[in-house]
Amino acid sequence: MKKDFITLADFTGGQLQALIDQTISEKPAYLKKQGPAPHARKTLAMIFEKPSLRTRVSFETAMTQLGGTATYLDQIAIGLGTREPAKDVARVLGRMCDAIMARTFRHDIVEELAQYSDVPVVNGLTDYSHPCQAMADLVTIREHHGELKGKTIVFVGDGNNVARSLSVGCAKLDMKFILSCPPGYELDETFFDALLDEHPQSDCSVIHEPGRAVASADVVYTDTWISMGQEDQRQDRIRTFQAYQVNEALMALAPKHAIVLHCLPAYRGCEISEGVFEKNADAIFDQAENRLHFQRTLLNVLLTRGGIA
Ligand code: CP
Ligand code: NVA
């Protein structure tokens, strides 16, 4: 049993598939405001060292729909690691709350929260990974393309936290993952090697030339060129990534059926053009909405069973 949801690497393909299936089957009842609310009196503590729209609202709404409540804790208020060590914050919240969600810069801080709290800890984005986003993305791809197995995600842009979580999800679920990034912005070699070691059948690769990369895409995915915490690299990154904009010219080289996804927030004129964004807005906002549906299912499982078996 895994108490926490910190990285997709901790789970089998079967466990991830079951969470995706459960999300899709539970979603219609909640859309009709008729889903069960079995977690009255339970509380989720939400720690944010970085800004958020989707993660905050989706976790808070998910807890409300499940019958519980969520408490927003920002870094200025609680001083995680400055006013108080993470291991003490974890033990206090573990005594008062039923689960913890944390968005931090350093990934090891979320791991430390998980180690010291008795309640489930969910990763709401670190510099290293964004597993809830990747799961919501996989739910969206299932809904749009009917199945996941054999589908190809081409991630155009930075080899960042979102790309890393998606690559693991693809390796676990028999999907193909291609990262198209400028040289020097790949996922770190040790991570990629470990992924290929653990999943020798997986099909994860890097194709630097974006036009060649998207030729076999079922999904063209992009994200900001400047993740939270990288603001000091802004000018360099904008120059370096110019050829990696997902725009009409690039999409003309992708198969007609390919959809474009973006985890948001989107920077039009940088990683995506206004036209491509708006043409794919239905899929992109389905993807944002699916954060709520996936995380409600995840919280329900964690709060009911104390972890993922
Ligand atoms: N995609 C995502 O995590 O959005 P927020 O940063 O607004 O939470
Ligand atoms: N890669 C982005 C994702 C935002 C949801 C970041 O870390 O800022």
Side-chain angles (χ1 to χ4, degrees), residues 5-8 44 46-63 70 72-75 100-110 122-141 153 155-169 177 179-182 185-188 191 219-234 236-238 240-241 244-246 260-268 270-272 277 280-281 283-296 298-299:
F5 194 78
I6 306 256
T7 163
L8 300 189
L44 173 72
M46 305 192 299
I47 298 173
F48 282 94
E49 284 186 348
K50 303 175 179 181
S52 169
L53 173 67
R54 280 145 291 275
T55 304
R56 178 179 177 174
V57 177
S58 54
F59 272 105
E60 190 164 333
T61 303
M63 275 308 284
Y72 176 77
L73 303 165
D74 73 34
Q75 174 59 3
I100 299 168
M101 189 285 303
R103 165 169 287 194
T104 61
F105 288 95
R106 281 169 40 197
H107 188 75
D108 62 304
I109 297 291
V110 172
V122 178
N123 176 357
L125 179 148
T126 67
D127 289 353
Y128 188 74
S129 63
H130 199 359
C132 291
Q133 180 68 57
M135 290 297 282
D137 301 339
L138 294 170
V139 167
T140 310
I141 295 166
I153 301 181
F155 189 104
V156 181
D158 186 21
N160 64 12
N161 44 8
V162 174
R164 184 175 284 104
S165 292
L166 278 170
S167 70
V168 179
F177 179 84
L179 172 63
S180 187
C181 64
Y185 291 85
E186 298 85 359
L187 291 159
D188 46 294
F191 163 79
V219 177
V220 175
Y221 197 115
T222 191
D223 180 17
T224 182
W225 294 336
I226 304 138
S227 285
M228 292 178 276
Q230 297 175 332
E231 290 78 6
D232 58 336
Q233 301 168 32
R234 186 180 166 75
D236 275 356
R237 283 177 169 265
I238 286 182
T240 308
F241 281 87
Y244 293 83
Q245 185 183 80
V246 176
V260 175
L261 294 181
H262 193 308
C263 61
L264 302 176
Y267 299 91
R268 293 156 166 90
C270 289
E271 76 275 5
I272 193 162
F277 185 96
N280 290 275
I284 291 169
F285 291 106
D286 284 348
Q287 179 188 7
E289 181 187 328
N290 279 329
R291 292 290 305 278
L292 165 65
H293 301 300
F294 168 69
Q295 288 156 203
R296 187 185 51 239
L298 175 68
L299 288 171

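Whatever order the structure lists ligands and atoms in, that order sets their numbers, starting from 1.
- Residue L264 places a heavy atom under 4.0 Å from ligand 2.
- Counting heavy atoms closer than 4.0 Å to ligand 2, residue N161 contributes side-chain atoms (C-beta onward) but none from N, CA, C or O.
- For the residue pair S58/Q295, the side-chain donor-acceptor check at 3.5 Å is satisfied.
- Of the residues Q133, H130, K50, M46, the one that meets the side chain to side chain contact (heavy atoms under 4.5 Å, CB included) test with T55 is H130.
- The nearest heavy-atom contact from the protein to atom 8 (O) of ligand 2 is M228 N, 2.8 Å.
- Residue-ligand proximity, R291 to ligand 1, at heavy-atom distances under 4.0 Å covers atoms 1 (N), 2 (C), 3 (O).
- Between K50 and ligand 2, no N or O atom pair is found at a separation short of 3.5 Å.
- For the pair A163 and D158, the tightest heavy-atom approach, listed with the atom from each and the gap, is CB-O, 3.9 Å.
- With ligand atoms numbered from 1 in the order given, ligand 1 contributes 5 (P), 7 (O), 8 (O) to contacts under 4.0 Å with heavy atoms of L53.
- A heavy-atom distance below 4.5 Å is not found between the side chains of R291 and T61.
- Proximity annotation for atom 6 (O) of ligand 1: of M228, R56, R103, H130, R103 comes nearest, heavy atoms only.
- Under 4.0 Å from ligand 2, the heavy atoms of L125 that appear belong solely to its side chain.
- Taking each heavy atom of C132 and F59 in turn, the nearest pair found is SG-CZ, 4.0 Å.
- Close contacts of ligand 1 with L264, meaning ligand atoms under 4.0 Å from a residue heavy atom, involve 1 (N), 2 (C), 4 (O).
- Of all non-hydrogen atoms in T126 and H107, the two that sit nearest each other are OG1-ND1, 2.9 Å.
- When the shell of 6.0 Å around CZ of R234 is examined, it contains 12 or fewer heavy atoms from other residues, nucleotides or ligands.
- With respect to atom 4 (O) of ligand 1, the closest heavy atom belonging to the protein is R54 NE, 2.8 Å.
- Between L125 and ligand 1, a contact under 3.5 Å exists for no N or O pair.
- On a distance-only criterion, C263 and ligand 1 share at least one N/O pair closer than 3.5 Å.
- For the 3.5 Å distance criterion, the side chains of N123 and S129 qualify, holding a donor opposite an acceptor.
- Distances between N or O atoms of R103 and those of ligand 2 include no value under 3.5 Å.
- Each of W225, F155, F241 was compared with Y185 under the ring-ring contact (aromatic ring centres under 6.0 Å, His included) criterion, and only F241 meets it.
- Here the protein heavy atom with the shortest distance to atom 3 (C) of ligand 2 is D223 OD2, 3.6 Å.
- Compare S227, G157, G124 by their heavy atoms: the one nearest to atom 6 (C) of ligand 2 is in S227.
- The one candidate from D188, T7, D127 that meets the side chain to side chain donor-acceptor pair (under 3.5 Å) condition with R164 is D188.
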